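The model shown is predicted, which means the values in this text are computed figures rather than measured ones.
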Amino acid sequence: MKGFDLQMEIMLVLIIAIFTAIFFRCIFEWTINKCSAMESVDAFVVAKQQGMIQQQIPNAGDATGGHGFTLQEQPWYKITFRMTDSTEKEFNVDNLILKILSPW
């Protein structure tokens, strides 16, 4: 029974450590977002871009491709804004934000 108790204590410590790390990571990301610069000028969308990143991953860990490849695709979206002072800024966004900000 001592071995089982030790395993349970180790699992409990690991679970607490994981939750603590996730908590502090969230706090750190929130702090960075709060400190980042915000634009507070009028702007309008002048361009939207989208594309697909394709990556071939070898099956079964075989780098030669002897067991074939799995094709992994990941979409990307960007929106360009023109500010009132005629400067343009480009932002990476997700699909939902792209649809909300550029209904055309």
Side-chain angles (χ1 to χ4, degrees):
M1 289 302 279
K2 288 185 180 183
F4 181 73
D5 290 339
L6 180 62
Q7 287 178 347
M8 290 305 291
E9 288 177 8
I10 290 173
M11 290 298 290
L12 181 63
V13 168
L14 284 174
I15 290 171
I16 291 172
I18 290 170
F19 278 117
T20 304
I22 290 171
F23 175 76
F24 282 112
R25 181 176 176 195
C26 290
I27 295 294
F28 178 70
E29 186 174 335
W30 177 76
T31 304
I32 288 174
N33 287 340
K34 290 291 277 183
C35 294
S36 45
M38 290 194 314
E39 297 288 340
S40 60
V41 297
D42 292 333
F44 59 94
V45 176
V46 293
K48 66 177 183 177
Q49 301 173 13
Q50 60 186 19
M52 190 73 66
I53 298 171
Q54 294 182 343
Q55 181 180 13
Q56 286 186 340
I57 301 171
N59 293 334
D62 182 14
T64 63
H67 293 91
F69 289 95
T70 300
L71 183 64
Q72 184 180 35
E73 296 180 334
Q74 182 176 2
W76 58 266
Y77 307 97
K78 292 184 180 185
I79 292 184
T80 304
F81 292 96
R82 180 170 293 143
M83 311 298 174
T84 53
D85 61 355
S86 297
T87 59
E88 291 186 358
K89 293 197 175 184
E90 186 175 85
F91 298 96
N92 294 325
V93 295
D94 62 6
N95 189 23
L96 178 63
I97 300 296
L98 181 75
K99 287 179 181 178
I100 291 172
L101 291 178
S102 59
W104 37 272

Looking at M52, I want to see if its CE is surrounded by more than 12 non-hydrogen atoms of other residues, nucleotides or ligands under 6.0 Å. yes
Does Q54, at its CD atom, have more than 12 non-hydrogen atoms belonging to other residues, nucleotides or ligands within less than 6.0 Å?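 More than 12 heavy atoms, drawn from other residues, nucleotides or ligands, come within 6.0 Å of this atom.
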Exactly one candidate in L14, I10, I16 meets side chain to side chain contact (heavy atoms under 4.5 Å, CB included) with L12; the answer is I16
**Asked** Given the rule that I, L, V, M, F, W and Y join up when any side-chain heavy atoms are under 4.5 Å apart, are I79 and V41 in one cluster?
**Response**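 Same cluster: I79 reaches V41 through Ile, Leu, Val, Met, Phe, Trp or Tyr contacts under 4.5 Å.
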(message) Do F19 and I27 sit in one hydrophobic cluster, given that two such residues count as connected whenever their side-chain heavy atoms are within less than 4.5 Å of each other, even indirectly?
(response) no
- Task: With the side chain counted from C-beta on, respond yes when T70 and Q72 share a heavy-atom pair under 4.5 Å apart, and no when they do not.
- Result: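 Side-chain contact under 4.5 Å: no.
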Nearest-0.5 Å distance, [atom1] of residue [X] to [atom2] of residue [Y]:
X   : Y   : atom1 : atom2 : result
D42 : M83 : CG    : CE    : 10.5 Å
K48 : I97 : NZ    : CD1   : 14.0 Å
Q7  : E9  : CD    : CD    : 11.0 Å

Under the salt bridge (Lys or Arg N to Asp or Glu O under 4.0 Å) rule, what pairs show up with a residue in residues 71-88, not counting sequence neighbours?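 Salt bridge (Lys or Arg N to Asp or Glu O under 4.0 Å) check on residues 71-88 returns K78-E90, R82-E88.
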Per the ring pair (Phe, Tyr, Trp, His ring centres under 6.0 Å) rule, what does the pair list look like for residues 47-84, sequence neighbours excluded?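 Qualifying pairs: F81-F91.
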